[in-house]
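For ligands, and for the atoms within them, numbers begin at 1 and follow the listed sequence.
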Amino acid sequence: MKSNKLKELLKIEYPIIQAPMAGSGNPILVAACSNAGILGSLGAQYLTPAEIEKSVTDIRKQTARPFSMNLFALKKLEAPPVESIRKAIDHLRPYYDKFEIEGPTIDQVINQIDSEAQLKTILEAKVPVFSFTLGMLDAKWIKAFKNTGTILIGTATTVSEAVALEEAGIDIVCAQGAEAGGHRGTFMAEHERAMIGSMSLIPQVVDTVSIPVIAAGGIMDGRGIAAAFALGASAVQMGTAFLTVDESPVHSKYKSAIKERDGEDTTITRVFSGGAARGIDNKFMQENRAAELLPFPFQNALTKPFRKIANKCGDLDYTNLWCGQSGKLSRTLSVDSLVRALLKESKDAYKMIEQLNE
Ligand SMILES: Cc1cc2nc3c(=O)[nH]c(=O)nc-3n(C[C@H](O)[C@H](O)[C@H](O)COP(=O)(O)O)c2cc1C
């Protein structure tokens, strides 16, 4: 059975993955998840190689169980012309002024963290699992990770992307439905065409590829898990549900906002990072709907200085509030209690399915 294969590959007790959440997770959350029998994941996209090394050490100090590291697998992008960067900085000047900061220099926008160095650090750390999104890992890295015995998970938002991942030799595909919070993993299709809901995406990916499929997007409780398994998934990946747990490092106001908002309160935006991502609609998004934006990761560098301050003080108007469409179903409890609840609820949901044949 596919589900057994995935659990075997990842060496986890329960087929649940705490989604990597770059900028919103930390080693404490990851280790708590792995210790609860699921797979904890650290989103390392915004970490320097030294920070990645330290994070892996910190996770290993807190758990002996498998965990995953995650990066965006973007193609190397040409930096935008200096004139465009200057214009973008000028446009954001009122926000820098509001937070009484200088804003980034042109150099800070152009010089991003070296993704090859990030990959090399993760490779050398010989982590149990490496997952990636927003692209395809280069063949040389796929080979290198396979040589170290690291299991690879790639993200797909369309059937074609899932096929490409399987053909490239990736072990497991994470099918990300349109409901998902955070960045869209799309790398082959146009974003608008790749906004496929999980109910449509999961079974079509399952029917097409022969590697195990993880379902992601909008799954918050046992009902969602049972539905994903009924559609053929071998595991679920949950992000928003783990943003509000006790061990999550995000601001308490952000946690409350997730619980208070309906699906209609989230939209897809590029204003914070340049990449399409789902988050709670806020003032900065509304004020910048028509703004000219730089591509990821350059736009991210432009907004980072004031987002950092806004995040710290819980100012929800000027920072990204990534959140899936099911935020209202989130709970504040410990990771361990959440995992126990999910397992019980899944069983109950299966009993409901059994009623079909009674
Ligand atoms: C705050 C946040 C940050 C995210 N960052 C990443 C990331 O760094 N890497 C990644 O592969 N996915 C990232 N995602 C997407 C998740 O992997 C997953 O697709 C999504 O959380 C599933 O939808 P849900 O939030 O409704 O559970 C992020 C999601 C959230 C909510």
Pair Y350 + F229: ring centers closer than 6.0 Å: no
Go through the side-chain N and O atoms of N35 and T63 and say whether any donor and acceptor fall under 3.5 Å apart. yes
N/O to N/O under 3.5 Å, ligand 1 against protein:
from: ligand 1; atom 1: 5 (N); to: P20; atom 2: O; distance (Å): 3.3
from: ligand 1; atom 1: 5 (N); to: A22; atom 2: N; distance (Å): 3.4
from: ligand 1; atom 1: 8 (O); to: A22; atom 2: N; distance (Å): 3.0
from: ligand 1; atom 1: 9 (N); to: N70; atom 2: OD1; distance (Å): 2.8
from: ligand 1; atom 1: 11 (O); to: N70; atom 2: ND2; distance (Å): 3.1
from: ligand 1; atom 1: 17 (O); to: Q237; atom 2: NE2; distance (Å): 2.9
from: ligand 1; atom 1: 19 (O); to: Q176; atom 2: NE2; distance (Å): 3.0
from: ligand 1; atom 1: 21 (O); to: G239; atom 2: N; distance (Å): 3.4
from: ligand 1; atom 1: 23 (O); to: G181; atom 2: N; distance (Å): 3.4
from: ligand 1; atom 1: 25 (O); to: G181; atom 2: N; distance (Å): 3.3
from: ligand 1; atom 1: 25 (O); to: T240; atom 2: N; distance (Å): 3.0
from: ligand 1; atom 1: 25 (O); to: T240; atom 2: OG1; distance (Å): 2.6
from: ligand 1; atom 1: 26 (O); to: G218; atom 2: N; distance (Å): 2.8
from: ligand 1; atom 1: 27 (O); to: G239; atom 2: N; distance (Å): 2.9

Assess the pair F306 and Y95: is the distance between their ring centroids shorter than 6.0 Å? yes
Please, which pairs that meet salt bridge (charged side-chain N to carboxylate O under 4.0 Å, His left out) have at least one residue in residues 50-59, sequence neighbours excluded? K54-D58
Can a salt bridge be assigned to the pair E260 and K255 using a cut-off of 4.0 Å between side-chain N and carboxylate O? no
Residues D171, K146: salt bridge by 4.0 Å N-O rule: yes
